[in-house]
Protein chains: 2
Amino acid sequence: MQITRETDYAIRCVYYLAGKPDEVTMVDEISKEMCIPKSFLAKILQKLSRAKIVRSYRGVKGGFRLAKRPENISIDDVIKATEGPVAMNICAIDKKQCGFSDRCKIHPVWVSLRKDVEGILKNKKFSQFIA
Amino acid sequence: MQITRETDYAIRCVYYLAGKPDEVTMVDEISKEMCIPKSFLAKILQKLSRAKIVRSYRGVKGGFRLAKRPENISIDDVIKATEGPVAMNICAIDKKQCGFSDRCKIHPVWVSLRKDVEGILKNKKFSQFIA
DNA sequence: CATAACAGGATAGATTTTATCCGATAGAGA
DNA sequence: TCTCTATCGGATAAAATCTATCCTGTTATG
Ligand code: SF4
Ligand code: SF4
């Protein structure tokens with residue numbers, strides 16, 4: 001029912017980077033400022049990087065920077081990057097995941113709820129959270 | 001992000017019982033009809049019983065029956081009984097669960113989303129699902 | 001009082017979560 | 001070019017949670 005710590009960290013991390021979208025920031029700084037275990041954060045940033053939410057810079061003076069403007073990154077994007085699509089039940093993503101779905105009257109509840117929640121989270125852009 | 005199998009089973013189980021709200025049904029029957037492992041279901045029914053969603057009858061001719069009318073049982077009630085309050089993040093239930101919540105601009109998103117989702121699920125009564 | 005059916009506690013395998021570590025790689029600057 | 005720094009990516013693992021089963025005890029029926 002809940003997002004994982006990993007995803008929460010990811011959101012906090014993007015939130016921090018959104019505060020200085022033009023600077024390259026080291027893992028170590030984000031880790032300290034946002035209270036996220038450094039080695040774990042490094043792994044999370046790799047996922048965000050593959051999802052094109054952040055860009056990485058290696059070597060001396062390296063670090064991370066948002067790959068897009070904060071107004072073009074939603075909370076939903078970050079969740080997708082770390083733990084896949086939002087859904088409150090397996091059948092909301094893929095009906096076939098449940099052998100019971102053909103006979104199931106509850107199924108549409110999850111499909112519709114997913115649509116609602118996804119819609120809300122897609123509308124939460126990081127530009128809204130900057131201090 | 002997702003409800004557990006246990007909760008899905010619980011919902012299916014209440015759904016089945018809602019189809020015959022005045023009969024006492026054995027675990028074995030629910031198990032077979034709804035494709036739920038019997039011993040697991042027995043445990044789940046204990047939780048539903050403690051939550052006053054079903055009533056149990058012991059001894060010969062025993063089994064389970066809804067403790068209320070289907071129109072007075074919501075999906076939210078069942079989720080609460082098996083895995084506690086609906087929330088997409090720890091801080092949506094209790095701000096203090098996260099040491100970062102005082103400084104956190106994302107926090108209100110989860111509080112508001114929780115309210116929305118809870119509202120939707122509270123409105124899904126089992127009377128709506130009867131065939 | 002024999003039997004049927006639930007109650008509740010103990011247990012355990014599988015999976016997921018939450019990390020950590022290390023060798024490899026790439027870039028900046030001397 | 002050489003060195004230093006910071007990320008990359010894979011391996012690893014402890015802890016927590018999920019999923020499920022079993023067994024003993026209790027209760028009610030006929
Ligand atoms: S809601 Fe119905 S279709 Fe979806 S997982 Fe549960 S039983 Fe299957
Ligand atoms: S959203 Fe903010 S307050 Fe909530 S858990 Fe994450 S960091 Fe903490």
Side-chain angles (χ1 to χ4, degrees), chain A residues 1-13 17 23-32 34-67 79 81-84 87-90 97-99, chain B residues 1-13 17 23-32 34-67 79 81-84 87-90 97-99:
Chain A
M1 185 58 86
Q2 282 176 26
I3 59 167
T4 60
R5 284 302 78 207
E6 182 184 24
T7 300
D8 189 66
Y9 291 158
I11 293 167
R12 257 144 94 171
C13 169
L17 291 177
E23 288 176 49
V24 172
T25 311
M26 283 189 296
V27 174
D28 202 56
E29 179 183 329
I30 307 171
S31 161
K32 278 175 178 135
M34 294 287 110
C35 313
I36 304 168
K38 186 180 170 183
S39 61
F40 196 14
L41 176 59
K43 278 270 160 284
I44 294 167
L45 277 160
Q46 283 180 32
K47 286 193 187 181
L48 293 174
S49 178
R50 279 181 227 117
K52 306 280 168 77
I53 291 168
V54 304
R55 251 212 73 180
S56 73
Y57 297 86
R58 288 164 80 149
V60 181
K61 298 247 172 189
F64 294 86
R65 209 172 64 99
L66 291 191
I79 296 177
T82 55
E83 58 179 89
M88 300 272 282
N89 203 344
I90 31 168
Q97 290 288 309
C98 173
Chain B
M1 184 58 86
Q2 282 176 26
I3 58 167
T4 61
R5 283 301 79 206
E6 182 184 23
T7 300
D8 190 67
Y9 291 157
I11 292 167
R12 257 143 94 170
C13 170
L17 291 176
E23 288 176 50
V24 172
T25 312
M26 284 189 296
V27 173
D28 201 57
E29 180 183 327
I30 307 171
S31 162
K32 277 174 179 135
M34 293 288 110
C35 314
I36 304 168
K38 186 180 169 182
S39 61
F40 197 13
L41 177 59
K43 278 269 160 283
I44 293 167
L45 277 160
Q46 284 181 31
K47 286 193 187 181
L48 293 174
S49 178
R50 279 181 226 117
K52 306 280 168 79
I53 291 169
V54 303
R55 249 212 74 180
S56 74
Y57 298 87
R58 288 164 81 147
V60 181
K61 298 246 171 190
F64 294 86
R65 210 172 63 99
L66 291 190
I79 296 177
T82 56
E83 58 178 272
M88 300 272 282
N89 203 345
I90 32 167
Q97 290 288 309
C98 173

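So you know, we letter chains A, B, ... as the sequences are listed, proteins then strands, and number each from 1. Below, all heavy atoms of this structure are taken into account, side chains as well, without hydrogens, waters or symmetry copies. Just so we're clear, the structure is a prediction, and the values are computed from it rather than from any experiment.
Interatomic distance, CZ of Phe64(B) versus CD1 of Ile30(B), reported as 7.0 Å (0.5 Å rounding). To the nearest 0.5 Å, atoms CG (Leu41(B)) and CD (Glu6(B)) are separated by 10.5 Å. The distance from atom CD of Gln2(B) to atom CD of Gln2(A), rounded to the nearest 0.5 Å, is 13.5 Å. From Arg5(B), atom CZ reaches atom CZ of Arg12(B) across 7.0 Å, with rounding to the nearest 0.5 Å. The structure places CD1 of Ile3(B) at 11.5 Å from OH of Tyr9(B), a figure rounded to the nearest 0.5 Å. The line from CE of Met1(B) to CG of Asn89(A) is 13.0 Å long, rounded to the nearest 0.5 Å.
Residue Leu41(A) contributes atom CG, which lies 11 Å from atom P of dC8(D) at whole-angstrom precision. Rounded to an integer number of Å, the gap from CE of Met1(A) to C1' of dA16(D) is 19 Å. To the nearest angstrom, C1' of dT16(C) lies 11 Å from CZ of Phe40(A). Note: CZ (Arg5(B)) to P (dT15(C)) measures 15 Å, nearest angstrom. For Asp8(A) and dT18(C), the CG to C1' distance is 13 Å, given to the nearest whole Å. As a whole-Å value, the separation of Glu6(A) CD from dA15(D) C1' is 16 Å. Going from atom CD1 of Ile44(A) over to atom C1' of dA19(C) covers 9 Å, rounded to whole Å. As a whole-Å value, the separation of Lys61(A) NZ from dA28(C) P is 11 Å.
Under the side chain to side chain contact (heavy atoms under 4.5 Å, CB included) rule, Arg65(B) has a single partner from Thr25(B), Val24(B), Val54(B), which is Val24(B).
Judged by distance alone, the side chain of Ser31(A) and the main-chain N or O of Pro37(A) form no donor-acceptor pair under 3.5 Å.
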Report each atom pair, protein N/O against N/O of nucleotides 10-13 of chain D, whose distance is under 3.5 angstrom.
unit_1	atom_1	unit_2	atom_2	d
dG10(D)	N7	Lys43(A)	NZ	3.4
dG10(D)	O6	Lys43(A)	NZ	2.7

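Using a 4.0 Å cutoff on non-hydrogen atoms, the parts of residues 52-59 of chain B near DNA chain D are Arg58(B), Gly59(B), ordered by number.
In this structure, Thr4(B) reaches the dT19(D) phosphate: one of its side-chain N or O atoms is under 4.0 Å from OP1 or OP2. An OP1 or OP2 oxygen of dT18(C) is reached within less than 4.0 angstrom by no side-chain nitrogen or oxygen of Tyr9(A).
DNA chain C is contacted by both Ile3(A) and Val60(B); Val60(B) maps to the nucleotide lying nearer its 5′ end (nearest heavy atom per residue). Take the nearest nucleotide of DNA chain D for Glu83(B) and for Ser39(B): the residue whose nucleotide is more 5' is Glu83(B).
A heavy-atom distance below 4.5 Å is found between the side chains of Met88(B) and Met88(A).
Closest to the side chain of Pro37(B), from the set dA20(D), dT20(C), dT7(D), is dA20(D).
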